[in-house]
Amino acid sequence: MAKVRTRFAPSPTGFMHIGNLRTCLYAYLFAKKNDGAFVLRIEDTDRERYVEGAVDVIYSTLAKAGITHDEGPDKDGGYGPYIQSQRKSLYLDYAKELVEKGGAYYCFCDKERLDSLKDGNGVAKYDKHCLSLSKEEVQRRIDAKQPYVIRQNIPSDGASEYDDMVFGHISVPNEDMEDGVLIKSDGMPTYNFANVVDDHLMAINYVIRGVEYLSSTPKYNLMYDAFGWERPHYMHLSPIMKDAQRKLSKRYGDANFEDFLAKGYLPEAIVNYIALLGWSPKGNEEKLSMNQLVEQFDVDGISKSPSIFDEAKMRWLNGEYIKQMSVEDFVKAATPYFEESKAAGKYDYSELAKLLIPRVEILSEIPDKINFLEEFGEYDVTMFEHKKMKITKEIALANLKTVRQDFAEEEDWSDTALKARGMALAEKTGCKSGQIFLPLRLALTGVATTPGGATEMAQLLGKQESLRRLDFSIDLLERNI
RNA sequence: GGCUCCAUGGUCAAGCGGUCAAGACAUCGCCCUUUCACGGCGGUAACUCGGGUUCGAUUCCCGAUGGAGUCACCA
């Protein structure tokens, strides 16, 4: 059996869209799963859409995502060149060969005639007008430098069929397919043609791409047949949606890999999540490494219907990845976010990391979670009221005063020492420990949720600052009771 | 509009003729706790609608409805 070869063929138009990345990922997983090769081809024939530097974005995205191509512009595997614009010389000859074989023909119709074919809805289907031109007539016009295109010759009746690996049997009536342009009047191939030629020349035997090609694939197959080439297997993938009717797209923003990285998502988590969007593993485990994905990837698990992108779930998954990070790795990844917080440079990042790791889902939450360290002032004292804990503002105030007095004597301003003091106070006053610690935590931070308990926060702030804040809060409470 | 597909909770989804219809996220409640988190336990929540086929349909067939894709000298 021939070695499996899949490809990812992006256009260098800017950032990597999440949907594209998923297609890429599946092509990669399928190749690796089957000990095959995954090739990267750059489709840059459309000069108008070309964006400078976009090829580098593709490389860096693949690298960050952990997807390694076996062949590509930077890795010759003997099937190059891998950049379509460098291949343009070979398409015309293949088109001519196809004309010889009856799969295509020259067309000299001008725009006016083409427009005249349009129906009430502005939809036109080419009428094969030039198919009837004799060989001599065609030659005469070419010699006369009359502009021409080369069109595919599609049978006018019957149906074309194939079996898609995810959608099953697909059958399209031939009369619904147009004799599309293969070679444009400027001599350049259209995507439809270049794709077929390239895939064949690069020995791609598993074509994995978006569903938008599902119903045009019979056209491609007709070309393979006319050339006498072996048809590849096809795997079409349903789109990722923003909601039930809108596709996730650049137009709606935040759909690029880079955007998610900037929001503090880990590349492994993004890859893991999108792998699960449209494919499900046999088992119930959802947190899967790239190796596990390769191992478990299976066409059976690919779903046919579009799936809606759920950032909440990706967020959760990202949190799972963060919980498994070492303090060192977390500090490394989180440093930019520490730096942009108000606490930048004033605290030991490793200490912050220990507190933050189990409490952060995406890295960009960090500044908000630690800003209280440097930002403290008037806050809403109703926070002190806690029904279940039986805490009122009065009780909070009383306990805070006791704590203030007691803690002032403590020399060892550490979490453990302060915790012991707090517990002792609770016992002495007959309070529940929570009645001591909840008000303390609030009084020290002024915010409802903190990255740790009261004494941890106290240790972080240091004795002087802690006492200052306690005084402030006691005063605040007295004024608002 | 023609053509090609698709259809299980709010979301991702398992299921592939007989199940009290998995699991995860989200949500809600309880527990743990030192208050914040983490964690543990539990709850709410789904087979789009009609016809068939069958002893029996979420599952197979047809239709309706809804949704997606496609109908370029763009990829």
Side-chain angles (χ1 to χ4, degrees), chain A residues 9-11 13 43-46 48-49 84 107 111 114 119-121 123-125 147-151 164 166-168 170-173 175-178 180-192 194-195 210-218 236 238-239 241 243-247 273 276-287 300-301 303-317 319 323 355-360 369 386 389 391 419 422-423 426 432-442 444-445 447-457:
Chain A
S11 296
T13 56
E43 308 216 329
D44 60 347
T45 50
D46 188 358
E48 288 178 20
R49 298 207 310 170
Q84 217 163 43
C107 170
K111 189 157 190 312
L114 261 21
D119 63 14
N121 294 323
V123 176
K125 190 192 163 206
Y148 67 85
V149 299
I150 295 179
R151 285 184 183 274
D164 184 84
V166 347
F167 286 93
I170 305 295
S171 173
V172 179
E175 61 168 341
D176 289 318
M177 293 188 281
E178 191 184 22
V181 171
L182 266 24
I183 297 290
K184 308 184 228 177
S185 51
D186 63 359
M188 291 290 278
T190 57
Y191 163 83
N192 294 318
N195 218 256
V211 259
E212 57 267 32
Y213 301 105
L214 187 72
S215 53
S216 51
T217 293
H236 288 101
S238 275
M241 311 288 286
D243 55 40
Q245 31 271 38
R246 287 180 302 175
K247 207 168 155 176
Y273 177 69
L276 259 24
L277 246 199
W279 171 76
S280 66
K282 290 267 186 287
N284 272 336
E285 185 56 49
E286 296 197 306
K287 185 170 175 293
D300 274 358
S303 72
K304 303 180 195 179
S305 38
S307 28
I308 297 171
F309 189 86
D310 181 11
E311 192 169 344
K313 182 152 184 176
M314 182 163 80
R315 216 184 155 94
W316 163 79
L317 196 55
K323 285 188 192 85
L355 295 171
L356 256 12
I357 286 174
R359 288 170 242 260
V360 162
K369 285 203 189 300
H386 192 119
M389 218 98 223
I391 302 176
K419 186 183 291 180
M423 293 304 275
K432 290 211 294 195
S433 52
Q435 292 175 312
I436 299 286
F437 292 110
L438 173 60
L440 175 58
R441 198 184 107 253
L442 264 20
L444 288 170
T445 62
V447 294
T449 58
T450 53
T455 52
E456 285 173 303
M457 295 302 99

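The model shown is predicted, which means the values in this text are computed figures rather than measured ones. In what follows, chains are A, B, ... by sequence order, proteins preceding strands, each numbered from 1.
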Checklist entry - In whole angstroms, how far is the P atom of rC74(B) from the CD atom of Glu212(A)? => result 17 Å
Checklist entry - In this structure, are over 12 heavy atoms from other groups packed under 6.0 Å from Lys282(A) atom NZ? => result yes
Item to check | Asp164(A) side chain vs His236(A) backbone, donor-acceptor pair below 3.5 Å | outcome: yes
Next on the checklist: Rounding to an integer number of Å, can you tell me how far Trp316(A) CH2 sits from rG23(B) P?
Outcome noted: 14 Å
Checklist outcome for this item: Whole-Å distance, Leu114(A) CG to rA72(B) P, equals 10 Å
Next on the checklist: Quick check: any donor-acceptor pair below 3.5 Å linking the side-chain of Arg359(A) to the base of rC36(B)?
Outcome noted: yes
Item to check | Sub-4.5 Å side-chain heavy-atom contact between Arg359(A) and Thr449(A) | outcome: no
Next on the checklist: Considering every strand and a 4.0 Å limit on heavy-atom distances, what is the contact class for Lys125(A): base, sugar-phosphate, or nothing?
Outcome noted: nothing
Item to check | Euclidean distance, atom CE of residue Met389(A) to atom P of rC31(B) [Å, nearest integer] | outcome: 11 Å
Pull out every protein N or O sitting under 3.5 Å from an N or O of nucleotides 4-15 of chain B, one pair per line with the distance.
from	atom 1	to	atom 2	distance (Å)
rC12(B)	OP1	Ile308(A)	N	3.0
rC12(B)	O2'	Leu276(A)	O	3.2
rA13(B)	OP1	Gly278(A)	N	2.5
rA13(B)	OP1	Ser303(A)	OG	3.4
rA13(B)	OP1	Ser307(A)	OG	3.3
rA13(B)	O3'	Ser280(A)	OG	3.2
rA14(B)	OP1	Ser280(A)	OG	3.3

Checklist outcome for this item: Asp243(A) CG to rA68(B) C1', in whole Å, measures 12 Å
Checklist outcome for this item: From OH of Tyr213(A) across to P of rC74(B) the rounded distance in Å is 13 Å
Which protein N or O atoms sit under 3.5 Å from an N or O of nucleotides 40-50 of chain B?
none

Checklist entry - Rounded to the Å, how far apart are Phe437(A) CZ and rU35(B) P? => result 10 Å
Next on the checklist: Is there a side-chain contact between Leu276(A) and Pro281(A) in this structure, where contact means two heavy atoms from C-beta onward sitting under 4.5 Å apart?
Outcome noted: yes
Next on the checklist: Heavy atoms only, 4.0 Å cut-off, all strands: where does Met314(A) land among base, sugar-phosphate and nothing?
Outcome noted: nothing
Checklist entry - Base, sugar-phosphate, or nothing for Ala194(A), non-hydrogen atoms under 4.0 angstrom? => result nothing
Checklist entry - Between Leu440(A) (CG) and rU35(B) (P), how many Å, whole number? => result 13 Å
Checklist entry - Counting only side-chain N and O atoms of Lys287(A), is one of them less than 4.0 Å from OP1 or OP2 of rA24(B)? => result no
